[in-house]
Structure formats: C-alpha cells, structure tokens
Amino acid sequence: MSRQENTSRIRIVVQSSLFDMGAETSRLLALGPGIGGLGSFLGVVRGGDGLVALELEHYPGMCEQSLAVLAEEALLRFSLIGCTIIHRVGRLAVGEPIVLVLAAAAHRGEALDATRFLIDRLKTGAPFWKAEEFSDGRRVWVESRQEDEAAAAGW
C-alpha cells in the first residue's frame, strides 16, 4: 500500500480543544465494512497528591510527524484498516481527556494490540513536554518514567 493510501486511513491531530470520541469512532468505522474490531484508549489527566492540572507543550509540525510515523508503523505491523491519534496540548485540569487512540482492524486481536502499541510508544516517542501544576502553586516538569520506557521497549 502506498504512503498516500496509508495517509487517508490515518488521522493525527494535536489540538487544545476537547475531542468527540463518538464522532471520531464513526469517522473510523466509515472506512469500510471490513472492520471487525475497533480498539480504543481514552487517556484522562489523573489527580492525586495535590495535582490540579497538566500543561502540555509541543513543537508544531514535528510532533504531528512523529505521531504519523508511529501510526504508519501500526498500520503495517497490525494490518490495520485505519487509526486515529488525537493528543491535546495546553492546560488540562484533572479529569479532562488528554489523548485518544483508536485502531480499526478486521479482527479484535489486531485492533487491541495496535491500540496498546500506539499508546505505549506514544508516551515515549512523541515530543511533548509536560509540567504538573499543584494546589500549593508548585509547577514541576515531568521526567520520562522507567515503566513507560519499559512498556515501549517491549514492542
């Protein structure tokens, strides 16, 4: 399959606004009747220890390109019919959706494996910078985590 054909089956968006998971699912299912399974992951800003928000920054263009390369790899590796990656940037309060990964395949196994692959690799391979904002006023840049690196390396 050509790169242009792959591009029509991949949707990559980095945005500050909220996304519509139902609309994104419908868009992906419209790719064809061969879809037998759709894997999904909705990431949410998790609270605790006084965390009130995350602030995400990215380098426009470079970040989308990194996500597209990752999506193209998933398309080939898991024989996907299509996939969607939407990542939010800006200030996101605890409880807000932060990332959506959808993977459509003929069978559930490929769809679910691809979804896990995409989120595991996205956490370490996409160039986002993240700072945590706490209720006491502290703002702390987030370092990469060992468990995220191990999950990504497992693929």
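Shortest non-hydrogen contact noted between V94 and L51 is CG2-O, 3.3 Å. The two residues Q15 and V13 make their nearest non-hydrogen contact at OE1-CG1, 3.1 Å. Of all the heavy atoms in C83 and L75, the pair that sits closest is SG-CD1, 4.0 Å. Between L118 and A74, the shortest heavy-atom contact is CD2-CB, 3.6 Å. Here the shortest heavy-atom pairing between C63 and V14 reads SG-CG2, 4.2 Å. Taking each heavy atom of I85 and A71 in turn, the nearest pair found is CD1-CB, 4.3 Å.
Legend: salt bridge (charged side-chain N to carboxylate O under 4.0 Å, His left out) pairs involving residues 54-67, not counting sequence neighbours, sorted by first then second residue: E55-R139.
Residue L28 is not grouped with residue L122 when hydrophobic side chains (ILVMFWY) are merged at heavy-atom distances under 4.5 angstrom, including chains of intermediate members. One hydrophobic cluster, built from ILVMFWY side chains closer than 4.5 Å, holds both I10 and L80. In the hydrophobic clustering of ILVMFWY residues, with side-chain heavy atoms under 4.5 Å counting as a link, V89 and L70 come out together. In this structure, L54 is not a member of the same hydrophobic cluster as I86, with clusters built from ILVMFWY side-chain heavy atoms closer than 4.5 Å. Follow the hydrophobic side-chain contacts under 4.5 Å out from V52 and you never reach F134; the two are in separate clusters.
For CD of E147, the number of neighbouring non-hydrogen atoms (other residues, nucleotides, ligands) closer than 6.0 Å is greater than 12. Summarising the local packing, CG of D136 is surrounded by more than 12 heavy atoms from other residues, nucleotides or ligands at distances under 6.0 Å.
With rounding to the nearest 0.5 Å, the separation of OG1 in T84 from CG in L67 is 12.0 Å.
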Atom pairs and distances, donor-acceptor, side-chain atoms in residues 96-112, under 3.5 Å, two or more places apart:
| residue | atom | partner | partner atom | Å |
| --- | --- | --- | --- | --- |
| E96 | OE1 | R88 | NH1 | 3.3 |
| E96 | OE1 | R88 | NH2 | 3.3 |
| E96 | OE2 | A93 | N | 2.7 |

Between E132 and R138, does a salt bridge (Lys or Arg N to Asp or Glu O under 4.0 Å) hold up when you go through it step by step?
CA-CA 8 Å; E132 295 175 324; R138 286 179 300 133; over 6 Å; no

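In this structure, the ring pair (Phe, Tyr, Trp, His ring centres under 6.0 Å) partners of H87, at least two apart in sequence or on a different chain, are F128.
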